[in-house]
Each structure stands twice: as C-alpha cells, then as structure tokens.
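Just so you know, these numbers come straight off a predicted model, no measurement behind them.
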Amino acid sequence: IWLKTKQGVDPNLLSGVLTTAAVYGDRAFYDELLAALLSTKNRQQRNPMLGALGAFRDPAIVADSMRLVMDSRIDARESVGLLFGPTGDPATQRMPFEFVKANYDELLKHLPMGAGFEAGALLPFVGGGFCDEKSRGELADFFKDRVTKFNGGQHNFDEEMEAIRLCEAQKE
C-alpha cells in the first residue's frame, strides 16, 4: 500500500519494511518498487526504495537491479549502492563482481567522478562476500592495476583484500 499512497509506514521504519519486503519479494514487487522510485523526487522516500532495490535475492532481479546503475533515469550517485547489496547472499554474491567485469568501461561512463568523490574507487567492494583464495585472486587480478586511477582506490582495494584474507583465516 505504501508504494501507491506513500502513507501507512512510519518514515523511521520505511527502510526496514521495504528491504524486508524486497528480500522475500518477487518480480511484481520489484516492478512496483522501481515505478515508485522513478515517480518521486523525494530523497527521504528514494533512499529506502533504492536500498530495497538492492536487497532482492532472485538472481534475475539482482541482474536487473545492478543494470540500474547505468540507467539514465536514475542518478548514479544514488544507484551505485545497488552493486553491493547482492554480496551478502551466497546465491548472488559473485554477481556484482561478474557484472563489474563485464561492464567496467560502461560503468565508468555513468559513475560520478570528481569533487573529491570517485565512485570507481568503490568498485573493489563488489568482492564483499568473498572468503576464499581463488576469489581473492580473481578480484586482485582484475582490480590491482585499475584501482590506482581513483582517489582512494588503492586504499579500498587493500581494505577489501584484507577483509577476504581475514575471512579465509577465520574459516580455517
């Protein structure tokens, strides 16, 4: 009901309500959520909707959600976070990395750069669900030379590599 009326949910609870609905949501809910996002400029409503769009677990929906980062109807400063939500679910955790590898040059055309913020520096975090040497190596091979082009890129890359190493050690 909230997506149609923008009423009935306490604004302080909206993010949790929409995200929970998305985790268990289907294509119809995704389509309704996206339509609601595209029809509002209200940032207090847009932010929870964008967070929810990144919380779906159906791989086909996850793929569509990540493509929104390159959709001209949505400001990439808002949508870049859609690349990281799927890393938390074992069924979709590799999808952001594979998406970035397949669309890297096109993504860079859409991501915000300048004014002290370079979204390209965030891209190594697509490995956020990785916890094994093979995946760490793949992430390193792809990003090791690319991250140096962005302010903060090397730091973020090093941070992600360390997080994966720590996960590996904990798993052992």
Asks: Answer yes or no: does atom CD of Gln170 have more than 12 heavy-atom neighbours from other residues, nucleotides or ligands under 6.0 Å?
Replies: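 For Gln170, atom CD is not crowded (no more than 12 foreign heavy atoms under 6.0 Å).
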Asks: Indicate yes or no: does Lys171 engage Glu168 in a salt bridge with an N to O separation below 4.0 Å.
Replies: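 Not counted as a salt bridge, because no side-chain N and carboxylate O are separated by less than 4.0 Å.
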Asks: If we only count heavy atoms from C-beta on, is the Phe143 to Phe97 side-chain gap below 4.5 Å?
Replies: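 Yes; the side chains approach each other to less than 4.5 Å.
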Asks: Strictly distance-based, threshold 3.5 Å: is any side-chain N or O of Arg136 a donor or acceptor partner for the main-chain N or O of Met161?
Replies: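 Checking the backbone N and O of Met161 against the side chain of Arg136, no donor-acceptor pair under 3.5 Å is found.
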Asks: If you round to the nearest 0.5 Å, how far is CD1 of Ile61 from CZ of Phe29?
Replies: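 If we round to the nearest 0.5 Å, Phe29:CZ and Ile61:CD1 are 10.0 Å apart.
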Asks: Check for a donor-acceptor pair, side chain of Thr19 on one end and backbone N or O of Gly16 on the other, with a separation under 3.5 Å.
Replies: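 Here the side-chain-to-backbone pair does not exist.
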Asks: Quick check: are there more than 12 heavy atoms from other residues, nucleotides or ligands sitting under 6.0 Å from CZ of Arg165?
Replies: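 Yes, enclosed.
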Asks: Between Arg43 and Glu78, does any side-chain N to carboxylate O distance fall below 4.0 Å?
Replies: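 Yes, charged N to carboxylate O under 4.0 Å.
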Asks: What I want to find out is whether Asp64 reaches Arg27 closely enough, with some N-O distance under 4.0 Å, to be called a salt bridge.
Replies: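 Looking at Asp64 and Arg27, the cut-off is met.
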Asks: Applying salt bridge (Lys or Arg N to Asp or Glu O under 4.0 Å) as the test, list every pair that has at least one member in residues 2-16; sequence neighbours left out.
Replies: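 Residue pairs with at least one partner in residues 2-16: Lys4-Glu32.
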Asks: Return the orientation label for the Phe56 and Tyr30 ring planes: parallel under 30°, perpendicular over 60°, tilted otherwise.
Replies: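 Plane angle over 60°, so perpendicular.
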Asks: I need the Ser65 OG to Asp71 CG distance, nearest 0.5 Å.
Replies: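 Answer rounded to 0.5 Å: 11.0 Å.
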Asks: Look up atom CG in Asn103 and atom NZ in Lys109, then write down how far apart they are to the nearest 0.5 Å.
Replies: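 The distance works out to 11.0 Å.
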Asks: If you measure from CD on Glu138 to CD on Glu98, what distance do you get to the nearest 0.5 Å?
Replies: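 One finds 7.0 Å between CD of Glu138 and CD of Glu98.
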Asks: Out of curiosity, Leu68 CG to Leu37 CG, how far, rounded to the nearest 0.5 Å?
Replies: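 Here the interatomic distance stands at 8.0 Å.
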Asks: Taking atom types as modelled and ignoring hydrogens, do the side chains of Glu160 and Asn156 form a donor-acceptor contact shorter than 3.5 angstrom?
Replies: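 Per modelled atom types, Glu160 and Asn156 side chains form no pair under 3.5 Å.
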Asks: To the nearest 0.5 Å, what is the distance between CD1 (Ile74) and CG (Leu38)?
Replies: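 It comes to 5.0 Å.
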Asks: Can Asp132 and Lys134 be counted as an ion pair, charged N to O under 4.0 angstrom?
Replies: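 No, this pair does not count.
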Asks: If you draw a 6.0 Å radius around CD in Glu133, do more than 12 non-hydrogen atoms from other residues or ligands fall strictly inside?
Replies: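 12 or below, so no.
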